[in-house]
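In what follows, a structure is listed as structure tokens, so that the remarks can point back to it.
No experiment lies behind these values; they were computed from the predicted model shown.
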Amino acid sequence: MEQRKTQKGFSLVELLIVVAIIGIIAAIAIPNLLASRVAANEASAIQSMRVVSSAEATYAATHGNGVYGDLAALAGQKLIDGAVASATTSAPKSGYGFLVSNPSNAGYISAAAPASTTTGTRNFTSDQSGIIYAATGTPGTVPTATSGSPIGN
């Protein structure tokens, strides 16, 4: 007597259904993941702006003799992380580039801008008052003046 072999496995239709279900789940999840990444990058930029603001006050009171410093001076005194000091929009930290403009005894402007629209949608600026402002800006262009609405400081 001849025995028949039974084939075990999935049919092509079953595999296509599973692939379609995975595709639908991915289509729903990926936009939410990207939005979460942008929110995380913006939160990181805001926190870095707070650190820079605090570092500026410390620098002016201790090392600067009343004069605020640029990012290199703050990093040189170990008041900020070197990653923030060297972050530009072409080499960002968590998707953001940073800049301190016009440090003097009268004040300074610190700013953060997203490297692209996939890393953030808002620019952040601050000055010697310590208030952080948020404004929609052009990715890749770090502002040199405070603008926008104050965020919850």
Side-chain angles (χ1 to χ4, degrees), residues 2-59 68-103 108-153:
E2 186 177 318
Q3 290 189 355
R4 298 179 86 187
K5 292 183 179 179
T6 58
Q7 293 184 351
K8 295 181 180 178
F10 296 105
S11 70
L12 182 60
V13 173
E14 291 169 330
L15 289 174
L16 288 174
I17 290 171
V18 169
V19 169
I21 290 171
I22 291 172
I24 291 168
I25 291 170
I28 293 169
I30 289 175
N32 292 335
L33 291 173
L34 294 176
S36 297
R37 189 172 109 188
V38 166
N41 288 344
E42 289 185 353
S44 174
I46 292 168
Q47 184 59 32
S48 293
M49 292 293 291
R50 286 188 177 111
V51 169
V52 168
S53 181
S54 176
E56 285 288 5
T58 302
Y59 182 85
Y68 296 99
D70 60 10
L71 291 175
L74 299 177
Q77 295 299 320
K78 309 271 190 251
L79 296 172
I80 62 171
D81 186 15
V84 174
S86 63
T88 63
T89 53
S90 58
K93 176 200 174 285
S94 297
Y96 272 77
F98 297 89
L99 175 70
V100 170
S101 303
N102 307 320
Y108 66 93
I109 303 292
S110 63
S116 70
T117 55
T118 60
T119 61
T121 57
R122 299 184 294 170
N123 290 337
F124 301 102
T125 55
S126 184
D127 57 18
Q128 63 280 358
S129 69
I131 298 171
I132 299 174
Y133 299 90
T136 302
T138 305
T141 305
V142 182
T144 56
T146 56
S147 63
S149 303
I151 60 173
N153 292 307

Distance (rounded to the nearest 0.5 Å) between [X] [atom1] and [Y] [atom2]:
X: T146; Y: Y108; atom1: OG1; atom2: OH; result: 11.0 Å
X: I131; Y: T125; atom1: CD1; atom2: OG1; result: 10.5 Å
X: T119; Y: K93; atom1: OG1; atom2: NZ; result: 12.5 Å
X: Y68; Y: T58; atom1: OH; atom2: OG1; result: 10.5 Å
X: I46; Y: S126; atom1: CD1; atom2: OG; result: 11.5 Å
X: L71; Y: S101; atom1: CG; atom2: OG; result: 9.0 Å

Would you please test T118 and L34 for side-chain contact (heavy atoms from CB on, under 4.5 Å) and show each step? CA-CA 8 Å; T118 60; L34 294 176; over 6 Å; no
My understanding is that only one of T89, V84, T88 makes a side-chain contact (heavy atoms from CB on, under 4.5 Å) with F98; could you say which?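 Only match with F98 under side-chain contact (heavy atoms from CB on, under 4.5 Å): V84.
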Is a donor on one side and an acceptor on the other found under 3.5 Å between the side chain of [X] and the backbone of [Y]?
X: T136; Y: R122; value: no
X: S53; Y: M49; value: no
X: S44; Y: A40; value: no
X: N41; Y: G120; value: no
X: E42; Y: T121; value: yes

Indicate the atoms forming the closest heavy-atom contact of [X] with [Y], along with that distance.
X: V142; Y: A111; answer: CG1-CB, 3.6 Å
X: A87; Y: P92; answer: CB-C, 4.3 Å
X: G137; Y: N123; answer: CA-ND2, 3.3 Å
X: G69; Y: V100; answer: O-CG1, 3.6 Å

Going by atom type alone, with no hydrogens or angles, which donor-acceptor pairs under 3.5 Å involve a side-chain atom of residues 74-82 and a protein atom two or more places apart or on another chain?
residue: Q77; atom: OE1; partner: H63; partner atom: ND1; Å: 3.2
residue: Q77; atom: OE1; partner: H63; partner atom: NE2; Å: 3.2

Under the salt bridge (Lys or Arg N to Asp or Glu O under 4.0 Å) definition, can you give me all pairs with a residue in residues 14-26, not counting sequence neighbours?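 Every pair satisfying salt bridge (Lys or Arg N to Asp or Glu O under 4.0 Å) with a residue in residues 14-26: there are none.
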Could you give all pairs that pass the salt bridge (Lys or Arg N to Asp or Glu O under 4.0 Å) test and reach residues 137-151, with sequence neighbours left out?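 Pairs touching residues 137-151 that pass the test: none.
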